[in-house]
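Nothing fancy with the numbering, it's 1 onward along the sequence. These figures come from a predicted structure and were not determined experimentally.
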Amino acid sequence: MPRSSINSRDIFAQKKLRPPVKTKAVKVAGSIQLVLNKDYLPTLLNLLEQARSRIDILAYSFAIGSAQGVLATKNAPYQIASKLAEIKRKRGDKVRIRLYIEGLRETAARNKTTVDFLRKAGVEIVYGSTHSKGFCIDNRFLLFGSTNLTNQSILKNYETNLLIDDPHTATVFDQYFMHLWNGGKHGGILLEPPLIADGGFKDVLIEMIDTAKTSLNFSIYFFNHSEIEKAFVRAAKRGVKVLGFIHHHNSFALGYVRRTRDTAMRLMKAGIIDLYFGPGHLFTHSKYIVKDGTEILLGTGNWLHEDVKIHPQLYIHFKNPKIARELIGQLIKQINDNHTNQMAD
């Protein structure tokens with residue numbers, strides 16, 4: 001069992017979509033900062049305060065109240081929605097705010113409460129299908145990663161995000177945003193590096209695993225994908241050290257939890273012993289992998305067949321030894337912090 005302690009270019013459309021191309025990890029020209037867990041809310045509120053002309057938002061779950069429309073005015077998502085409303089009230093048309101939000105899956109009912117609130121404030125909103133999340137400010141700043149706009153995600157989960165100050169990366173994000181905003185679907189766009197749209201992350205992830213020479217360090221929420229699983233087994237057989245932190249929960253999404261647990265057990269039987277379950281009382285919701293201490297793939301997609309084939313996602317693939325060291329350090333800290341967590345076979 002997993003142990004418990006440890007020392008763009010839009011080319012969709014009317015015609016054929018070109019086959020995905022292999023992407024190399026690039027160095028992002030601008031600055032990158034890791035934003036973890038509870039640091040997300042103050043970072044985001046400060047970022048919104050700096051907006052001058054445009055705020056584009058992708059959200060899977062944005063919950064300022066119940067599905068019945070009752071607002072929770074003391075929760076973290078309400079602070080975000082109130083900040084957006086305040087910006088529109090103070091600056092009006094000088095700042096354009098657009099929100100593309102999930103309107104089809106189970107979170108849609110609670111999202112409607114937020115949509116009604118923000119529409120009254122002047123925010124432009126389109127419903128669609130997405131599991132991506134992120135804020136792009138003034139075509140320059142991008143706050144992007146695993147955090148949903150729910151109280152649980154913002155204040156309680158293990159989450160991993162990046163704050164990027166780079167016009168190129170922001171522009172590519174907005175290309176993806178506009179693809180969805182204008183009715184584009186999953187698999188309908190290829191993006192320029194460093195971003196990867198939708199199921200394209202799967203091939204990049206497998207290539208990273210297959211070309212790793214020394215180490216693979218990862219944290220994942222749900223994991224049940226046969227090709228990715230086999231790639232990890234191949235890496236371990238080559239002598240690559242694999243360290244993983246995997247979500248487990250006692251009472252939520254138990255079907256996905258069981259599938260993830262089964263994947264972990266198979267990996268353990270294949271000889272990958274340094275796998276650890278997160279605590280059962282909160283969510284290990286981060287989704288990233290670090291290859292050989294320098295190359296990073298981080299994003300919104302779970303390692304599931306349906307997240308590759310159906311649910312719109314966004315990942316970033318880049319090289320940054322400093323951020324890689326910070327991610328590995330955080331991974332080890334989370335495992336150490338949960339050293340008493342044990343699961344029976």
For this session: Report yes if the distance between the aromatic ring centroids of Phe144 and Phe135 is under 6.0 Å, otherwise no.
Result: no
For this session: Could you tell me whether the side chain of Met208 reaches within less than 4.5 Å of the side chain of Ile289, counting heavy atoms only?
Result: yes
Exercise. What do the steps show when you test Lys291 against Thr214 for side-chain hydrogen bond (donor to acceptor under 3.5 Å, both in side chains), and what is the final call?
Worked result: CA-CA 8 Å; Lys291 167 190 163 184; Thr214 58; over 6 Å; no
Exercise. Does Arg98 reach the side chain of Phe177, with side-chain heavy atoms less than 4.5 Å apart?
Worked result: yes
Exercise. Can we say Lys112 and Asp116 salt-bridge, meaning some charged N sits less than 4.0 Å from an Asp/Glu carboxylate O?
Worked result: yes
For this session: Under the ring-ring contact (aromatic ring centres under 6.0 Å, His included) rule, what do Phe245 and Tyr276 come out as? Steps first, then yes or no, please.
Result: CA-CA 5 Å; Phe245 193 46; Tyr276 304 84; 7.8 Å; no
Exercise. If you measure from the Lys or Arg side-chain nitrogens to the Asp or Glu carboxylate oxygens, is any gap between Asp337 and Lys333 under 4.0 Å?
Worked result: yes
Problem set entry | Between Glu102 and Ser61, a side-chain donor and acceptor under 3.5 Å | no
For this session: Would you kindly say whether Asn320 and Lys27 are connected by a side-chain donor-acceptor distance under 3.5 Å?
Result: no
For this session: For Thr294 and Lys319, indicate whether the former's side chain and the latter's backbone hold a donor-acceptor pair under 3.5 Å.
Result: no
Problem set entry | Side-chain heavy atoms of His317 within contact of Pro194, under 4.5 Å | no
Exercise. Do you know which two heavy atoms are closest between Tyr127 and Gly103, and how far apart they sit?
Worked result: CD2-CA, 3.5 Å
Problem set entry | Option from Tyr256, Phe252, Tyr158 for which ring-ring contact (aromatic ring centres under 6.0 Å, His included) with Phe283 holds | Phe252
Exercise. Mind checking whether Ser215 and Leu243 have side chains closer than 4.5 Å, heavy atoms only?
Worked result: no
For this session: Determine, for Glu227 against Arg234, whether the closest basic-nitrogen to carboxylate-oxygen distance falls under 4.0 angstrom.
Result: no
Problem set entry | Flag, side chain of Arg91 to backbone of Ala51, donor-acceptor distance under 3.5 Å | yes
Exercise. Would you say Ser153's side chain and Thr147's backbone share a donor-acceptor pair under 3.5 angstrom?
Worked result: no
Exercise. So, the side chain of Thr263 versus the backbone of Arg259: is there a donor-acceptor pair under 3.5 Å, distance only?
Worked result: yes
Problem set entry | Cationic N near anionic O, under 4.0 Å, Arg54 to Asp174 | yes
Exercise. Distance-only, no hydrogens or angles: does the Asp39 side chain make a donor-acceptor pair with backbone N or O of Val35 under 3.5 Å?
Worked result: no
For this session: Determine yes or no for a side-chain-to-main-chain donor-acceptor pair under 3.5 angstrom, with Asp292 supplying the side chain and Lys213 the backbone.
Result: yes
Exercise. Are any of the side-chain nitrogens in Lys83 or Glu49 under 4.0 Å away from the carboxylate oxygens of its partner?
Worked result: yes
For this session: Say whether, by atom type as modelled, one donor and one acceptor occur between the side chain of His186 and the main chain of Val308 under 3.5 angstrom.
Result: yes
Exercise. Any chance the side chains of Lys309 and His311 put a donor and an acceptor closer than 3.5 Å?
Worked result: no
Exercise. Under 4.5 Å between any side-chain heavy atoms of Asn161 and Leu36, yes or no?
Worked result: no
Exercise. Which value, rounded to the nearest 0.5 Å, describes the distance between Asp274 atom CG and Leu267 atom CG?
Worked result: 12.0 Å
Problem set entry | Side-chain donor or acceptor of Lys241 paired with backbone N/O of Leu216 under 3.5 Å | no
Exercise. Does the ring center of Phe232 lie less than 6.0 Å from the ring center of Phe218?
Worked result: yes
For this session: Without swapping roles, check the side chain of Asn37 against the backbone of Glu159 for a donor-acceptor pair under 3.5 Å.
Result: yes
Exercise. Going by atom types alone, do His285 and Gln152 pair a side-chain donor with an acceptor below 3.5 Å?
Worked result: no
Exercise. Among side-chain atoms of Thr160 and Ser286, is any donor-acceptor pair under 3.5 angstrom?
Worked result: yes
Exercise. Do Leu162 and Ile323 come close enough that some side-chain heavy atom pair is under 4.5 Å?
Worked result: yes
Exercise. Does a side chain donor of either Tyr100 or Asp56 reach within less than 3.5 Å of an acceptor in the other side chain?
Worked result: no
Exercise. Any chance CG of Asp93 has more than 12 other-residue heavy atoms, nucleotides or ligands included, within less than 6.0 Å?
Worked result: no
For this session: Mind running ring-ring contact (aromatic ring centres under 6.0 Å, His included) on Tyr78 and Phe117 for me, showing each step along the way?
Result: CA-CA 10 Å; Tyr78 187 82; Phe117 177 89; 5.5 Å; yes
For this session: State, without any angle test, whether Gln313 and Asp307 hold a side-chain donor-acceptor pair at a distance under 3.5 Å.
Result: yes
